[in-house]
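Each remark here refers to the structure printed beneath this line.
A note on names: the letters A, B, ... follow the listed sequences, proteins ahead of strands, and every chain is numbered from 1. These numbers come from the heavy atoms of this one structure, side chains and all, not from hydrogens, waters or symmetry mates.
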Amino acid sequence: MRIATWNVNSLRARRERVIEWIAESEVDVLCLQETKMTDEAYQALDLGQFGFESAHYGFGQWNGVAILSKVGLTDVQVNFASGVEPDHESRIITATCGGIRVSSVYVPNGRALDHDHYQYKLGWLDRLVAHLEVDTSPDAPVIVAGDINIAPEDRDVYDIDALAGSTHVSAAERARIANIERWGMTDLFRHHHREESGIYSWWDYRNGDFHKGRGMRIDLIWGTRPVVEASRWCIIDRNARKGTQPSDHAPVVAEIAL
DNA sequence: ATGGTAGCATCGCTA
């Protein structure tokens with residue numbers, strides 16, 4: 001099974017690019033973030049015509065997440081699992097696809113270290129762990145894929161000194177990553193690329209950052225042990241960031257022999 | 001040089 005995550009920065013604006021990419025990438029499961037659509041507008045896209053079952057959770061304008069699957073899609077959960085304080089925004093959707101419990105997540109940006117949104121981000125990541133504890137087990141095949149809005153290590157950003165005092169690299173954010181990985185998650189890209197640095201999944205639209213190689217690796221596919229053991233490779237498709245009207249994020253793709 | 005671009009419910013916010 002091939003699974004990918006992609007923050008598309010408006011599925012309406014990215015419709016043609018996403019449809020093209022679905023065909024060439026041969027993904028079986030696709031987690032989308034920032035669809036910026038209502039559920040009604042999403043249904044009108046009729047992505048079923050490309051062979052996918054899918055589930056979407058969005059209110060329009062901002063956020064919005066989806067899971068598309070060619071290997072089944074059951075037990076859909078929008079928002080956090082019951083028992084966890086619900087989120088007021090559409091940032092997580094979960095479904096079982098091909099025997100794997102898959103969540104598509106769009107972690108809050110945080111905006112600035114002294115902003116309320118940063119506290120919302122940290123709390124959201126705490127609730128994500130609570131969600132996993134309620135919804136599933138680290139011994140089961142589980143994937144959390146999405147725009148995490150945190151670079152796990154200094155080598156995952158183009159210039160750590162330039163980012164001093166910024167979100168996405170703070171100790172408190174990275175402590176949340178550690179919590180998720182302590183629960184049982186492994187970053188599949190890092191698992192397969194132990195020594196590499198300078199590989200990114202997001203580049204600011206401004207200032208020619210993509211062409212200057214100024215990006216961050218903030219989109220992850222996390223898997224539990226059964227997923228890691230079955231995983232064959234994981235790549236970031238930076239070609240999808242090229243050309244006309246790209247998203248500012250590239251897809252992350254993993255091959256799982258399950 | 002504190003800029004720049006893209007998307008949205010567009011003149012202000014979010015990323």
Quick one: what's the B/S/- string for nucleotides 7-15 of chain B, heavy-atom cutoff under 4.0 Å, read 5' to 3'? SSB----SB
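dG7(B) sits 26 Å from dT2(B) when the P atoms are compared, rounded to a whole Å. Spacing between dT14(B) and dA9(B) at atom P, rounded to whole Å, works out to 15 Å. Across dA1(B) and dA6(B), the matching P atoms stand 25 Å from one another, rounded to whole Å. Taking atom P on both nucleotides, dG3(B) is separated from dC8(B) by 25 Å, rounded to a whole Å.
Under the 3.5 Å distance criterion, with hydrogens and angles disregarded, no donor-acceptor pair is assigned to the side chains of R176(A) and N179(A).
The salt bridge (charged side-chain N to carboxylate O under 4.0 Å, His left out) contacts involving residues 219-233 of chain A comprise R225(A)-E229(A), where partners must be two or more places apart or lie in separate chains.
Summarising the local packing, CG of D116(A) is surrounded by 12 or fewer heavy atoms from other residues, nucleotides or ligands at distances under 6.0 Å.
Taking atom CZ of residue R17(A) and atom C1' of nucleotide dA6(B), one finds them 14 Å apart after rounding to whole Å. One can place NE2 of H211(A) at 12 Å from C1' of dT5(B), the figure rounded to the nearest angstrom.
With respect to the salt-bridge test (charged N to carboxylate O, under 4.0 angstrom), the residues R174(A) and D154(A) qualify.
The side-chain hydrogen bond (donor to acceptor under 3.5 Å, both in side chains) with Y120(A) is formed by just one residue from the set H115(A), E89(A), R111(A); it is E89(A).
Clustering of Ile, Leu, Val, Met, Phe, Trp and Tyr by side-chain heavy atoms under 4.5 Å joins L122(A) with L113(A), Y118(A).
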